[in-house]
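Read through the structure below, which is laid out as structure tokens, and then see the notes.
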Protein chains: 2
Amino acid sequence: MRKRATAREVADAAGVSKWTVIRAFTPGASIAEESKRKVLEAAAALNYTPNLLARSLATNSTHQVAVFVDDFANPQKLPFLETLTERLQAEGLVAVLININTHFDHVHALLHADQRQVDAVILFGTAFRSETLNDLQFGRGTPPMFVLARDSQIEGVPAVTCDAELALREIVDHLFERGYRRPGFMTGATVLSTALRRRQHFVDFWGEKGVDDVAVFSAEKYSAEAGAEAVRGYLKETDPADRVDVLMCENDILALGAMDEIRDRFGLRVPEDMAVVGFDNYELCGSSAYSLTTYEQPRDEMVEVIVGIITGRLEPETVTLPGTLVVRNST
Amino acid sequence: MRKRATAREVADAAGVSKWTVIRAFTPGASIAEESKRKVLEAAAALNYTPNLLARSLATNSTHQVAVFVDDFANPQKLPFLETLTERLQAEGLVAVLININTHFDHVHALLHADQRQVDAVILFGTAFRSETLNDLQFGRGTPPMFVLARDSQIEGVPAVTCDAELALREIVDHLFERGYRRPGFMTGATVLSTALRRRQHFVDFWGEKGVDDVAVFSAEKYSAEAGAEAVRGYLKETDPADRVDVLMCENDILALGAMDEIRDRFGLRVPEDMAVVGFDNYELCGSSAYSLTTYEQPRDEMVEVIVGIITGRLEPETVTLPGTLVVRNST
DNA sequence: TTGTACGCGTTATCAC
DNA sequence: GTGATAACGCGTACAA
């Protein structure tokens with residue numbers, strides 16, 4: 001396992017200077033055909049490839065984008081990561097996946113990413129509390145930050161999101177039309193959920209319809225199990241006559257857990273006894289075992305926009321994109 | 001958005017040489033208390049932090065690990081990524097997530113990762129065809145490679161996997177004991193599935209029990225939809241009297257798709273008319289809507305081992321770890 | 001078209 | 001304990 005070949009070695013082998021070697025590997029550089037051929041030959045023989053690390057140091061651009069994630073329970077993250085990495089790679093960028101949790105919080109991660117000289121930071125579905133940034137001299141050396149799939153709560157940090165207002169309006173309209181009148185809303189972790197605005201819009205739009213009483217309760221975290229527990233607590237404590245007739249959950253995972261509990265543990269029918277709505281349109285929502293009505297985020301477009309912003313094609317400003325209501329049998 | 005401060009600037013501000021600045025940021029370096037204090041003060045004022053990029057160039061170690069992924073359809077990938085990133089970060093390493101697909105194949109990705117000087121490459125559940133490596137001067141500049149959650153098909157590349165032989169033995173024993181005698185197996189993409197060995201062991205162990213007829217068919221890819229389609233084709237073509245009484249699927253996602261089809265489209269009962277088994281123990285397998293019997297991979301241990309190998313604590317050799325059979329209502 | 005200085009920000013090593 | 005020299009591998013000027 002020898003050391004890598006360097007431009008210098010290739011230069012010696014090809015009988016040119018190392019700068020000529022560099023030119024051979026720089027698209028559009030002015031270099032003679034003959035020299036280029038000689039260089040590429042020698043490079044192939046020595047198995048030389050440019051050292052991107054050294055290049056990054058010299059050009060002050062790593063072509064790396066840090067992606068912060070703090071919630072791995074939502075399977076919806078996976079297809080997002082798929083298209084995100086694919087689009088980034090198509091632009092010559094690469095994603096550094098950073099797991100934010102108690103051992104490695106936002107500030108540490110940001111500092112670390114900064115030290116790594118990443119070109120940008122994407123807060124993917126993480127709730128970045130504004131206060132955590134006060135310790136940092138913001139905008140000073142810190143790489144440009146963007147929020148994906150959550151509202152930004154920080155001045156100067158743009159977000160690319162699904163249009164929550166439009167989404168909840170469509171959902172509430174749909175539910176009202178179907179005749180539901182006693183709505184409930186299950187949030188996930190309350191700190192995060194403020195960044196989604198879904199609950200607020202849900203309550204507001206029901207208000208516009210003259211329904212002011214929206215039952216709101218909260219799951220411990222974003223998981224099927226937590227969703228099941230939360231609905232169990234609600235159903236136990238609530239007199240059957242007072243129960244909601246439709247339960248909207250902040251995301252699909254909560255909704256699926258809730259459905260299990262409602263149907264199999266309490267023996268209620270969905271949607272006859274209680275309808276359920278999710279958010280995200282995770283693959284299994286469409287399965288016949290659930291057939292969950294939900295709202296699909298415009299994933300490809302969102303990724304396209306955030307990559308466009310990072311590469312400079314688009315203005316770095318908050319963008320809100322319309323999604324699609326997917327009506328199934330749970331309503 | 002000024003440029004980052006450098007050690008040189010801090011040195012000037014603190015009235016020392018830049019090497020003293022470096023020492024102040026090097027744990028265990030010999031430096032006077034007084035100097036250190038002065039340096040740290042100046043550094044804080046200028047908001048200086050060491051440039052990890054330059055450090056990597058000088059030390060020839062980036063503390064970055066490339067993680068190759070080619071199948072984002074399996075939600076099981078997510079918790080794996082969660083613990084993997086967490087454990088890597090605990091060791092001061094960071095994961096670069098590389099999406100392998102037709103536009104960015106293994107060879108390109110490996111070349112790219114190599115140019116980025118990553119410390120190691122993890123092939124996470126990807127099937128690396130041995131031939132693709134022949135183009136490369138293997139072991140020459142290429143960073144150390146390891147396979148996670150798949151068998152390695154390459155000489156000299158260790159793999160960390162769940163013990164497929166033990167797993168399938170337990171599964172077949174369980175099924176035999178329950179009285180099933182007409183087993184079937186659904187593979188995913190056949191190229192990949194050879195790297196899992198599950199089918200082979202399944203067939204072998206039934207053979208040991210005197211059951212030589214195992215129906216085998218294949219889904220197009222690893223997704224619920226593909227699993228449903230595959231089982232639909234099978235059920236349509238097969239006379240009810242000849243049908244298998246238990247269907248094992250290569251992973252949970254295929255199994256869930258299959259269950260939907262079996263129950264809701266063909267009106268068969270699971271497990272009375274046809275039992276179903278998956279593999280991975282994805283969260284929703286435990287939901288009451290499915291209650292799928294499956295086999296849980298020892299995720300934490302697998303991650304622990306591969307991180308141990310990468311950090312040099314453990315020998316770089318293939319490791320096979322035992323998982324856990326999870327019996328539910330689908331058998 | 002090609003070669004020369006110099007810089008990117010850090011670390012390793014040695015002299016003081 | 002501190003400063004200086006060289007090196008990591010490549011890029012940007014600029015001059016030849």
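All values derive from a computational prediction rather than experimental measurement. So you know, we letter chains A, B, ... as the sequences are listed, proteins then strands, and number each from 1.
Between the side chain of B/T49 and the main chain of A/Q115, no donor-acceptor pair closer than 3.5 Å is present. When atom types are taken as modelled, the side chain of A/T318 and the backbone of A/A159 share a donor-acceptor pair closer than 3.5 angstrom.
B/S17 has no side-chain polar atom (N or O) that falls below the 4.0 Å cut-off from OP1 or OP2 of D/dT2. Taking 4.0 angstrom as the limit, A/S35 places a side-chain polar atom (N or O) nearer than this to OP1 or OP2 of C/dT2.
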Seminar exercise, completed: The contact string for nucleotides 10-16 of chain C, one letter per nucleotide 5' to 3', using protein heavy atoms under 4.0 Å with B, S and - for base, sugar-phosphate only and none, comes out as BBB----
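We find that B/R37 and B/E33 are not joined by a salt bridge, their nearest charged nitrogen and carboxylate oxygen being 4.0 Å or further apart.
D/dA6 atom P lies 18 Å from atom CG of B/L57, rounded to whole Å. Rounded to whole Å, the distance from CD on A/E9 to C1' on D/dC10 is 14 Å. Atom pair A/E34:CD and C/dT1:C1' shows a separation of 13 Å (rounding to whole Å applied).
Two residues, B/Q117 and B/T20, neighbour DNA chain D, and the one matched to the more 5' nucleotide by heavy-atom proximity is B/T20.
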List the atom pairs, donor and acceptor, that lie under 3.5 Å between side-chain atoms in residues 306-314 of chain B and the rest of the protein, sequence neighbours left out.
residue : atom : partner : partner atom : Å
B/T311  : OG1  : B/V307  : O            : 3.0
B/T311  : OG1  : B/G308  : O            : 3.1
B/T311  : OG1  : B/R313  : NH1          : 3.4
B/R313  : NH1  : B/E91   : OE2          : 3.0

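When all heavy atoms of A/L78 and B/P75 are compared, the closest pair comes out as CD2-CA, 3.7 Å.
Around CD of B/E315, the count of heavy atoms belonging to other residues, nucleotides or ligands within 6.0 Å does not exceed 12.
Residue contacts shown for A/I31 are limited to sugar-phosphate atoms, with no base heavy atom under 4.0 Å away.
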